[in-house]
Structure formats: C-alpha cells, structure tokens
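Working notes for the structure below.
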Amino acid sequence: AMAAVADTARSALGELRRQILRLAAPILHGAGILASQAVCRIEPEATRLKVQFDLPVAVSPPVKQALAVRVLDAVPGAGRT
C-alpha cells in the first residue's frame, strides 16, 4: 500500500511539474529560454512544496518573481487572491 501511495504522490508531482512548466513557458520564452531547456524540481517539505528552476542562463529578479507567481497559479489551494 505504501508503494501505491508513493507512486500516486510521484504522479501528482509530475503533473504539477508539467503544469508549472506550461504556465511558465511564456515567461521563459520572453527571457530567451525554451521550456524544454528548463528543469523544474519539486521537493515536498513537511507542509510546503519547494519548487526550484534550473535554467541555462541567469534571469533577472522580475523574471524570478513572474515565475514564482506562475508556480502559485499552478499549485491547487496555494491561497493566492
């Protein structure tokens, strides 16, 4: 049963990762980065999710902020109003 729970969690994180990359694609494109060049890592931490992008080039603070907003948009119940 634990393996099934782990598989379900992995599947849900995979879907969330895809959704984040879909929402982030226009921002990445505007920064000259193809979505296929971006790696999105999601690590569950207690009651939070840590989301990290590995990008081929450095991006400016406004791009980082825009990506953070897209992450919040993608996470169900993130509480953004």
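By the salt bridge (charged side-chain N to carboxylate O under 4.0 Å, His left out) test, E45 is found to be paired with R48, residues two or more places apart in sequence or in another chain being considered. Considering only residues two or more places apart in sequence or on other chains, P61 meets the side chain to side chain contact (heavy atoms under 4.5 Å, CB included) condition with none of them. For Q52, the side-chain hydrogen bond (donor to acceptor under 3.5 Å, both in side chains) test picks out D54, with sequence neighbours left out. Every residue meeting the side-chain hydrogen bond (donor to acceptor under 3.5 Å, both in side chains) condition with R22, not counting sequence neighbours, appears here in chain and number order: E15, Q19.
Under a hydrophobic-cluster definition in which Ile, Leu, Val, Met, Phe, Trp and Tyr are linked whenever side-chain heavy atoms come within less than 4.5 Å, directly or via other members, L55 and L34 are assigned to different clusters. One hydrophobic cluster, built from ILVMFWY side chains closer than 4.5 Å, holds both V63 and L21.
By the 4.5 Å heavy-atom criterion applied to side chains, V69 and I27 are not counted as neighbours. Put simply, the side chain of V71 does not reach to within 4.5 Å of the side chain of L49, judged on heavy atoms.
The CG atom of L67 lies 11.5 Å from the CG atom of L72; values are rounded to the nearest 0.5 Å. Considering CG of L13 and CD1 of I42, their distance stands at 5.5 Å, rounded to 0.5 Å.
A side chain to side chain donor-acceptor pair (under 3.5 Å) check over residues 57-68, counting only residues at least two apart or in different chains, returns nothing. Within the structure, no pair that satisfies the side chain to side chain donor-acceptor pair (under 3.5 Å) test touches residues 23-33, not counting sequence neighbours.
Minimum heavy-atom separation, A74 to L16: O-CD1, 3.4 Å. Here the closest non-hydrogen pair linking A35 and L28 is CA-CD1, 4.2 Å. Closest approach of A31 and V59 over heavy atoms only: CB-CG1, 4.4 Å.
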